[in-house]
Amino acid sequence: MVNWSDTELAVFSVVGILVLFKLWTIWHVASKAKASRTGKLMFMGLISGLSLFGVGAKLWISYQMGV
């Protein structure tokens with residue numbers, strides 16, 4: 001079980017909000033640039049994948065440090 005401090009929870013929450021804002025910004029800019037649906041989805045998939053990797057790494061490191 002990972003015991004997160006209040007600071008870690010705050011940082012994790014802010015990172016989550018920033019990831020959502022990043023995804024919205026990318027979608028908005030792509031829409032304004034009249035990008036194709038395929039292009040939008042490819043770029044969103046890349047950004048989402050990298051973001052999920054980062055969040056997963058944070059969870060894994062927290063878990064390993066808690067063991």
Side-chain angles (χ1 to χ4, degrees):
M1 178 83 184
V2 177
N3 293 324
W4 286 0
S5 69
D6 291 338
T7 304
E8 286 178 317
L9 287 174
V11 168
F12 197 69
S13 298
V14 169
V15 167
I17 291 168
L18 289 174
V19 167
L20 291 175
F21 179 69
K22 174 174 51 175
L23 293 175
W24 176 82
T25 303
I26 291 166
W27 188 262
H28 181 71
V29 169
S31 294
K32 291 290 182 184
K34 306 286 188 219
S36 69
R37 186 170 193 262
T38 305
K40 287 182 210 175
L41 292 177
M42 285 176 21
F43 196 66
M44 291 286 286
L46 177 67
I47 296 298
S48 298
L50 291 173
S51 297
L52 286 174
F53 176 78
V55 169
K58 160 67 171 131
L59 292 171
W60 177 252
I61 290 168
S62 294
Y63 172 75
Q64 291 299 318
M65 291 182 74
V67 172

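For Ser48, the side-chain contact (heavy atoms from CB on, under 4.5 Å) partners at least two apart in sequence or on another chain are Leu23. Among residues two or more places apart in sequence or in another chain, the side-chain contact (heavy atoms from CB on, under 4.5 Å) test is passed with Ser36 by Thr38. Checked against side-chain contact (heavy atoms from CB on, under 4.5 Å), Ser13 has no partners two or more places apart in sequence or in another chain. Checked against side-chain contact (heavy atoms from CB on, under 4.5 Å), Phe21 has the following partners two or more places apart in sequence or in another chain: Trp24, Thr25.
Hydrophobic clustering of Ile, Leu, Val, Met, Phe, Trp and Tyr side chains at less than 4.5 Å, counting indirect connections, unites Val19 with Leu41. At a threshold of 4.5 Å between side-chain heavy atoms, the hydrophobic network of Ile, Leu, Val, Met, Phe, Trp and Tyr places Val55 and Leu9 in one connected group.
Under the 4.5 angstrom side-chain criterion for Ile, Leu, Val, Met, Phe, Trp and Tyr, the cluster partners of Leu18 are Val14. Under a 4.5 Å side-chain heavy-atom criterion applied to ILVMFWY residues, the cluster that includes Ile61 comprises Met65 as well.
Here Ile26 contributes atom CD1 and Ser31 contributes atom OG; the two are 11.5 Å apart, rounded to the nearest 0.5 Å. To the nearest 0.5 Å, atoms OG (Ser62) and CD (Glu8) are separated by 5.0 Å.
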